[in-house]
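What follows is a short report on a single structure.
First listed ligand is number 1; within each ligand, the first listed atom is number 1.
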Amino acid sequence: MKPILPGSAIGVLGSGQLGRMFAIAARRMGYRVHTLSPDQDTPTGQVADVEVNAAYEDLDAIAKFASAVSVVTFEFENVPAATAAAAERNAPVRPAGQVLHITQHRLREKTFLARAGLPLTPFRRVASLQDLTSAARELGLPAILKTADFGYDGKGQFRIADASELAQAWRGVGERESVLEAFVDFEREISVVAARGVDGEFVHYGAIENQHRNGILNTSLAPARVTESVTRQAVEITREVLEELAVTGVLCVEFFVCRDGRLLINELAPRPHNSGHFTFDANVTSQFEQQLRSVCALPLGAVTQCSPAAMANLLGDVWAAAAAIPNVKLHLYGKMSPRPGRKMGHLTALANSVDQAHADVQRALSTLVGKA
Ligand code: AMP
C-alpha cells in the first residue's frame, strides 16, 4: 500500500487529549492535522492546523472534512456508524468503521470476543427487569450492570450487591439495553496497547498495570508487576484481537488478572489508551506516533522502553507544582473548564525501577495544588 507522506493532512474525529497527543506526534513528523468535533477551542484543536466545529451527525460536514484529508482516524470511538460510512466514502478510515461499530457497543464487542474463542468476563444481555432478574440468578451476585453503548470511565455502570438492588440498577441505566457482568474478584488489572500496520505488522508495549479509583484510571505502571507468562498470554490474546478485527491502527485490550493467574478481557479501545500515555516519554515510539505510522502505511516504529515508568492522571481542578521534580514529566491538555473527575492532564515519572517511578509520581501528586 502506498504510504501517506509528511506534508499530507490527517483527519481526526474527536478533539480530546488523545487527539492532542496524536497531533503533537503528527506535527513533529511534518504532517498537517484536521480535527472535527462539536466543541470549540479543544485540546486537539489547539494543536491542529484546522479545527472544524460540527456535529458527528452532520454527514455533509463529515464528507467535506474527509475529502480535505488523506486519511481519517479517530480519538473518540462513539461516533455513529453513519458518520464513519460518510467519511469512508471520501477517504480511507483507519481503523475501519466496522471496528468502531463493534467496539462502541459492549454487547457487540463481547459477542465478537466470545465467537473468537477469547476469554472474557461471563455476561448476559439485559433488555428488561425480568431479564436482569434471571441474569442475576444465572451469574450470581455481586454483579455489574453496564449500558450497552456510550459507556466509559465507569459511567453508566451500577454495582449490584444483592437482589434488592436490581430494580434500582435497572432504573439507573435508564431502562436501556445493557449487559450484566459477573463481578470479578481480580488480583490486578493490566492492559496491552498494540499497533498493527496495513500489511499486518504487529508491535506492542508489553503489559501495563492499571489502578482505578471510582471506575476512572488513576495510575499506570510499566512494566506491570506480573509474571512473564501472564505478559506473554496477554500479548498473545491482544495479537489475536487485532488480527480478528483486522485493525489498522492502535488498539488497547484491558484485562482482569484473576487470583489463579487466568486472564479475562474487560474491554477494548480501538485507539491509543490512557494507560499508554507513558510511551510519550518513556518509549522510542509513542502510541500516538504508532497510530500515525500505521494509518499512514509507514513502517511501525521501535517500541523499546528506555526506562521503567509510572503515569498518574490529573483529575479535576488541580494545577501542578510537580514540574519541579526533575524525573517527572507534566502534560496538561489545555481544557478550559475543569470539573471534578475530568481528566485535565497526567504526570509520567521515569526511574530505575517501576516501584521507584510509582513512588516518584505519588510524591509529585502530593505537591499538586488544587481541589481535585
Ligand atoms: P469499565 O469502564 O468497564 O472498564 O470499568 C471501569 C472499572 O470498573 C474497571 O477497570 C474495573 O476496575 C471495574 N470493573 C468493571 N467491570 C468489572 C467487573 N465485572 N468486575 C470487577 N470490577 C469491574
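Close approach of ligand 1 to Glu189 is summarised as follows: ligand atoms under 4.0 Å from at least one heavy atom of the residue are 9 (C), 10 (O), 11 (C), 12 (O). Residue-ligand proximity, Asn266 to ligand 1, at heavy-atom distances under 4.0 Å covers atoms 1 (P), 3 (O), 4 (O), 9 (C), 10 (O). Using a 4.0 Å cut-off to heavy atoms of Gly215, the atoms of ligand 1 that qualify are 6 (C).
By the 3.5 Å distance cut-off applied to N or O atoms, His212 is counted among the residues near ligand 1. In terms of polar-atom proximity, Val184 is counted as a contact of ligand 1, with an N or O under 3.5 Å from an N or O of the ligand.
Scanning all heavy atoms of the two residues, the minimum distance from Pro270 to Thr103 falls at CG-OG1, 3.2 Å.
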Thr35 and Glu51: CA distance, side-chain angles, deciding distance, side-chain hydrogen bond (donor to acceptor under 3.5 Å, both in side chains) verdict:
CA-CA 5 Å; Thr35 173; Glu51 181 176 40; over 6 Å; no
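In this structure, Arg159 satisfies the cation-pi test against Phe183, with its NZ or CZ atom closer than 6.0 Å to the six-membered ring centre and inside 45 degrees of the ring normal.
For Gln211, no heavy-atom contact with ligand 1 is shorter than 4.0 Å. In Ala182, the part holding a heavy atom less than 4.0 Å from any atom of ligand 1 is the backbone.
Listed by first and then second residue, the side chain to side chain donor-acceptor pair (under 3.5 Å) pairs involving residues 132-141 are Arg124-Glu138 (not counting sequence neighbours). The list of ring pair (Phe, Tyr, Trp, His ring centres under 6.0 Å) pairs with a residue in residues 212-250, not counting sequence neighbours, is empty.
The CZ atom of Phe112 lies 7.0 Å from the CG atom of Leu268; values are rounded to the nearest 0.5 Å.
Residue nearest to atom 16 (N) of ligand 1, selected from Lys146, Arg106, Arg159, Arg213: Lys146 (by heavy-atom distance).
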